[in-house]
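Here the structure is laid out as structure tokens; the discussion comes afterwards.
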2 protein chains.
Amino acid sequence: MARELLEALDQAGVRLTGPRRELAALIARRQGHFTAADLLADAEQRSLGIGRATVFRLLELLADQNLVERVDLPDGRHAYVPCEPSHHHHLVCVSCGAISEVDDCGIDAVTAEAARRSGFEIQSHRLELFGRCPRCQNVESRQ
Amino acid sequence: MARELLEALDQAGVRLTGPRRELAALIARRQGHFTAADLLADAEQRSLGIGRATVFRLLELLADQNLVERVDLPDGRHAYVPCEPSHHHHLVCVSCGAISEVDDCGIDAVTAEAARRSGFEIQSHRLELFGRCPRCQNVESRQ
DNA sequence: ACCAGAGTTGAGACTAAGTCTCAATAGGAG
DNA sequence: CTCCTATTGAGACTTAGTCTCAACTCTGGT
Ligand SMILES: [Zn+2]
Ligand SMILES: [Zn+2]
Ligand SMILES: [Zn+2]
Ligand SMILES: [Zn+2]
């Protein structure tokens, strides 16, 4: 999965540098969503000597390329989720952070209707669903 | 409109203090979305002597009461929109910030389907639509 | 009208998120 | 291998948001 990120970056015409390879690997082994701070902590823990700015720069690059999506958690934090470049949405587990992808069947109809009623010309949308994943539901019910 | 905010706050059992009345009035006269910084700047410009913390505290209070909704702008900033307490979503003009409310007809079906497929128990969702309002479309096309 | 006490306030310290600058470094095309 | 440019890390800086605490002010009860 780190490979996919790197290939896509290569495709995008940027250099495949050491720090980028290392960060891609760190992102790949992450489960669910993570924040820039999480990634930075991962890097520091392994003494990779990667600077704060480099982390933010790579995340921005990946987000531009739709290799990673920025999610706004209900508590206001910004997190990232590695994902397919195609348009879709995320279901986020509020207790463990697990992610499930959702294709947006049906949402387009909603946006089209909203556009018709309001006269707005809709350019983009963001849909985020929050809840508890099957595993967390089980854990909870067994306690 | 400031009156409505204050009545709702009263209903919620919090004190109607001077700073809250003043901030409610400032919020009421705002068009479209605004950030905490905007509101703070409004207050400072009028030398109301309202502290930064008070602004954040009131916004949190209003958000808890669903009198204001927190919107995450595409550029990552957090903004607020005064709105009806009932569940709904916002259409945000990316060039002037104008807001249009959208009731979520159809979205519930999407979330139900996503829940069924993923096994998640969905607790909440957030939908934000971004585009250009009718006025901004006209301005653009006349230039 | 008065009072008491809990809720609220502003100042300012503090933390965390994110950006910017710049000299040094390292990809990678040729 | 060489050169040029993209990229890097350090650290200063800016901004968002939180926290603490002594001072203040609502408000309900008298
Ligand atoms: Zn979970
Ligand atoms: Zn969509
Ligand atoms: Zn507009
Ligand atoms: Zn909804």
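Per chain, numbering begins at 1; letters A, B, ... match sequence-line order.
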Would you please test A/R126 and A/S124 for side chain to side chain contact (heavy atoms under 4.5 Å, CB included) and show each step?
CA-CA 7 Å; A/R126 179 193 290 155; A/S124 65; over 6 Å; no
Kindly determine whether A/R116 and A/E113 satisfy salt bridge (charged side-chain N to carboxylate O under 4.0 Å, His left out), including the steps that lead there.
CA-CA 5 Å; A/R116 196 184 61 73; A/E113 174 65 8; 3.1 Å; yes
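DNA chain D lies under 4.0 Å from no heavy atom of any residue of residues 63-71 of chain A. Within residues 27-53 of chain A, the residues that place at least one heavy atom under 4.0 Å from DNA chain D are, in residue-number order, A/G49, A/I50, A/G51.
Here the P atom of nucleotide D/dT8 and the CG atom of A/L9 are 10 Å apart, to the nearest Å. Note: CG (A/L73) to C1' (D/dG17) measures 16 Å, nearest angstrom. If you measure from atom CG of B/D75 to atom P of D/dT15, you get 14 Å, rounded to the nearest angstrom. Between A/F56 atom CZ and D/dG11 atom C1' there is a gap of 15 Å when expressed in whole angstrom units. Taking atom CZ of residue B/R57 and atom P of nucleotide D/dT18, one finds them 11 Å apart after rounding to whole Å. Rounded to whole Å, the distance from CG on B/L58 to P on C/dT9 is 8 Å. Between the CD atom of B/E60 and the P atom of C/dT9 there is a distance of 13 Å, given to the nearest Å. Between the CZ atom of A/R77 and the C1' atom of C/dA16 there is a distance of 12 Å, given to the nearest Å.
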Scan nucleotides 25-30 of chain C nucleotide by nucleotide, 5' to 3', and note B when protein non-hydrogen atoms come under 4.0 Å of the base, S if they reach only the sugar-phosphate, - if neither.
-BBS--
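At distances below 3.5 Å, at least one donor-acceptor pair connects side-chain atoms of B/Q137 with backbone N or O atoms of B/R132. With hydrogens and angles ignored, the 3.5 Å screen pairs a side-chain donor or acceptor of A/R20 with a backbone N or O of A/R15. Using modelled atom types, no side-chain atom of B/D42 and backbone atom of B/L39 make a donor-acceptor pair closer than 3.5 Å. The backbone N or O of A/L16 sits less than 3.5 Å from a side-chain atom of A/R21, completing a donor-acceptor pair. Remark: side-chain polar atoms of A/S118 are paired, donor with acceptor, to backbone N or O of A/A114 under 3.5 angstrom. A donor-acceptor contact shorter than 3.5 Å links the side chain of B/H88 to the backbone of B/S86.
The aromatic ring centres of B/H89 and A/H125 sit 6.0 Å or more apart.
Judged by atom type and distance alone, B/R20 does not reach the base of C/dG7 through any side-chain donor-acceptor pair under 3.5 Å.
Looking only at side-chain heavy atoms (C-beta outward), B/L67 and B/Y80 stay at 4.5 Å or farther from each other.
Hydrophobic clustering of Ile, Leu, Val, Met, Phe, Trp and Tyr side chains at less than 4.5 Å, counting indirect connections, keeps B/F56 apart from B/V14.
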